[in-house]
Amino acid sequence: MVGKENLKTEELNLCFEKLMMMVSGNSGIGGNMKVGVITEWKDIPVELLVQILSLVDDQTVIIASGVCRGWRDAIYFGVARLSLSWCSKNMNNLVLSLVPKFAKLQTLILRQDKPQLEDNAVETIANCCHELQILDLSKSFKLTDRSLYAIAHGCSDLTKLNISGCSAFSDSALAYLASFCRKLKVLNLCGCVRTASDTALQAIGRYCNELQSLNLGWCDNVGDVGVMSLAYGCPDLRTVDLCGCVRITDDSVIALANKCPHLRSLGLYYCKNITDRAMYSLAQSKVKNRMWGSVKGESDEDGLRTLNISQCTALTPSAVQAVCDSFPSLHTCSGRHSLIMSGCLNLTSVHCACAVHAHHRAFSTFLNPAH
């Protein structure tokens, strides 16, 4: 359907009917916009068309661009978000033909189940989409360093980049990108074993000081030097996933605890070198940051909300309980698990405050049954 020069009349009619349904079902979408009787495609005001298209799927958007010249221009200059993840074949060619026409794209989602994208598609994106802020290239196994160099030069305003599973990128190319894309707030490097090294993380810590979320899951070349560089260079970090980073030690956790006062989520799954020293550092960081938090208006509820220490078998109950007691948002109770301890059989005695209260209530009810 997509990719043919002349779209079938039936498809355009279907598209029109779909959009009419959107109009009737969202009569208030135009606010004070006066909309007359709409019987044909050309009758839809451009402003309303763009708002309607924001509610339909991306395939419909592309089909709609073939209705008439007015619609084509409105779509190409009005659509800011586009996802082609639905495309299971020929995504590369689709990007090459479509992306240059969407002049105002800010978000582009190109997730793939099977690798399709090649460097020439990413180079086209970098050459044409200079306002891009969010780019998802996850599972693009065919991409090489050429793509990262192109993004560095053409998309310096990126705030969110997902290259998880892109196994061919080198750490030097990532370091190069970091030196240009300094506005990054969210970076997903999960599974980028070759890419995520201490050298790359040092560059990220040096240049990407606004970073808030970083996924380093299963990047087993990451060590303390890299994580400590991040902690010192990116004090606004809130979410850090180090699951499977088997080389890191307590020093990484201590640096994050001391230098990142806004840390909310920390993943340490299978980090077997983590000991009680790291846990006590996290617990103490709450006390250290309390004065800072009161100045900034943060409440006692702020602090760690998610902690995954599954398979961290060196930890003892007293140390983990200290963390749990320090952060009220960490829960072990049923339905609210945010302190995840799978595979740590020695930590079964650790409980959050509400779990303890529930136990006390149940025990009181047992002792004093209602008459």
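In this structure, Arg336 and Cys352 have side chains that are not in contact, with every pair of non-hydrogen atoms separated by 4.5 Å or more. Using a 4.5 Å heavy-atom cutoff, the side chains of Cys219 and Val193 are not in contact. Side-chain contact between Ser229 and Arg206 is absent, with no heavy-atom pair separated by less than 4.5 Å. Contact annotation: the side chain of Leu143 approaches that of Asp119 to within less than 4.5 Å [non-hydrogen atoms, C-beta and beyond]. Within the 4.5 Å cutoff, side-chain heavy atoms of Ser318 are placed close to those of Tyr280. By the 4.5 Å heavy-atom criterion applied to side chains, Asn92 and Val95 are not counted as neighbours. Annotation: side chain of Ser147 is in contact with side chain of Phe169 (closest heavy-atom distance under 4.5 Å). Looking only at side-chain heavy atoms (C-beta outward), Val253 and Leu266 come within less than 4.5 Å of each other.
Each of Ile125, Val122, Asn127, Leu132 was checked for a side-chain contact (heavy atoms from CB on, under 4.5 Å) with Val99, and the lone residue meeting it is Ile125. Of the options Asn273, Ile248, Ile340, Val240, a side-chain contact (heavy atoms from CB on, under 4.5 Å) to Leu268 is made by Ile248 and by none of the others. If you run side-chain contact (heavy atoms from CB on, under 4.5 Å) between Leu177 and each of Ile151, Leu187, Ile204, only Ile151 comes through. When Leu330, Val320, Ile309 are each tested for a side-chain contact (heavy atoms from CB on, under 4.5 Å) with Val350, only one passes: Val320. Paired with Ser170 under the rule side chain to side chain donor-acceptor pair (under 3.5 Å), one option of Asp145, Thr195, Thr144 passes, and it is Asp145.
Under a hydrophobic-cluster definition in which Ile, Leu, Val, Met, Phe, Trp and Tyr are linked whenever side-chain heavy atoms come within less than 4.5 Å, directly or via other members, Val67 and Val56 are assigned to the same cluster. Under a hydrophobic-cluster definition in which Ile, Leu, Val, Met, Phe, Trp and Tyr are linked whenever side-chain heavy atoms come within less than 4.5 Å, directly or via other members, Val61 and Leu94 are assigned to the same cluster. Residues Leu282 and Met341 fall within the same hydrophobic cluster, defined by Ile, Leu, Val, Met, Phe, Trp and Tyr side chains chained together at heavy-atom separations under 4.5 Å. Criterion: ILVMFWY side-chain heavy atoms under 4.5 Å apart, direct or through other members. Under it, Leu98 and Leu53 are part of a common hydrophobic cluster. Under a hydrophobic clustering in which Ile, Leu, Val, Met, Phe, Trp and Tyr are joined whenever their side-chain heavy atoms come within less than 4.5 Å, directly or via other members, Tyr207 and Tyr176 fall into different clusters.
In this structure a side-chain-to-backbone donor-acceptor pair under 3.5 Å is missing from Gln106 to Lys104. With hydrogens and angles ignored, the 3.5 Å screen pairs a side-chain donor or acceptor of Asn346 with a backbone N or O of Leu315. Between the side chain of Thr107 and the main chain of Ile134, no donor-acceptor pair closer than 3.5 Å is present. Although no hydrogens or angles enter the test, the distance criterion places a donor-acceptor pair under 3.5 Å between the side chain of Ser310 and the main chain of Ser342. Glu131 places no side-chain N or O within donor-acceptor distance of the main-chain N or O of Leu105, the cut-off being under 3.5 Å. Asn258 contributes no side-chain N or O that, together with a main-chain N or O of Ser285, makes up a donor-acceptor pair within less than 3.5 Å. Between the side chain of Asp241 and the backbone N or O of Gly217, no donor-acceptor pair lies under 3.5 Å. At least one donor-acceptor pair closer than 3.5 Å links the side chain of Ser338 to the backbone N or O of Ser329. Not one N or O on the side chain of His331 forms a donor-acceptor pair closer than 3.5 Å with the backbone of His337. The main-chain N or O of Gln133 is never found under 3.5 Å from a side-chain atom of Asp157 such that the two would form a donor-acceptor pair.
When all heavy atoms of Leu117 and Gln112 are compared, the pair lying nearest together is N-OE1, 3.0 Å. The two residues Arg111 and Met91 have their closest heavy-atom pair at O-CE, 3.6 Å. Closest non-hydrogen pair, Arg81 versus Ile109, comes out as NH2-CG1, 3.7 Å. Of all heavy-atom pairs between Cys192 and Ser164, the closest is SG-CA, 4.1 Å. The minimum heavy-atom distance between Ala322 and Ala283, with the atom names listed, is O-CB, 3.7 Å. Of all heavy-atom pairs spanning Val227 and Ser252, the tightest one is CB-OG, 3.4 Å.
Under the 30°/60° scheme for interplanar angles, the aromatic rings of Tyr270 and Trp218 are found to be tilted. Classification of the Phe180-His153 ring pair by plane angle, with boundaries at 30° and 60°, yields tilted.
Annotation: the span from Cys155 atom SG to Leu148 atom CG amounts to 11.0 Å, rounded to 0.5 Å. How far CG of Leu135 is from CG of Leu110: 6.5 Å, rounded to the nearest 0.5 Å. The CG atom of Leu230 lies 7.0 Å from the CG atom of Leu211; values are rounded to the nearest 0.5 Å. In this structure, the separation between SG on Cys234 and CG on Leu184 is 10.0 Å, given to the nearest 0.5 Å. Taking CG of Asn188 as the start and CD1 of Ile163 as the end, the distance is 8.5 Å to the nearest 0.5 Å. Remark: His351 NE2 to Ser349 OG distance equals 6.5 Å, nearest 0.5 Å.
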field: Worked check of side chain to side chain contact (heavy atoms under 4.5 Å, CB included) between Val246 and Lys272
entry: CA-CA 7 Å; Val246 294; Lys272 291 184 176 290; over 6 Å; no
message: Evaluate Ile254 against Met228 for side chain to side chain contact (heavy atoms under 4.5 Å, CB included), listing each step before the verdict.
response: CA-CA 9 Å; Ile254 292 170; Met228 292 170 70; over 6 Å; no
Trace of the side chain to side chain contact (heavy atoms under 4.5 Å, CB included) decision for Thr239 with Thr306: CA-CA 9 Å; Thr239 301; Thr306 304; over 6 Å; no
- prompt: Under the side chain to side chain contact (heavy atoms under 4.5 Å, CB included) criterion, do Asp250 and Ile274 qualify, and how do the steps go?
  reply: CA-CA 5 Å; Asp250 294 335; Ile274 301 302; 3.9 Å; yes
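Remark: Phe141 CZ is packed, more than 12 non-hydrogen atoms of other residues, nucleotides or ligands lying under 6.0 Å away. Crowding of Tyr232 atom OH: a count of heavy atoms from other residues, nucleotides or ligands under 6.0 Å not exceeding 12.
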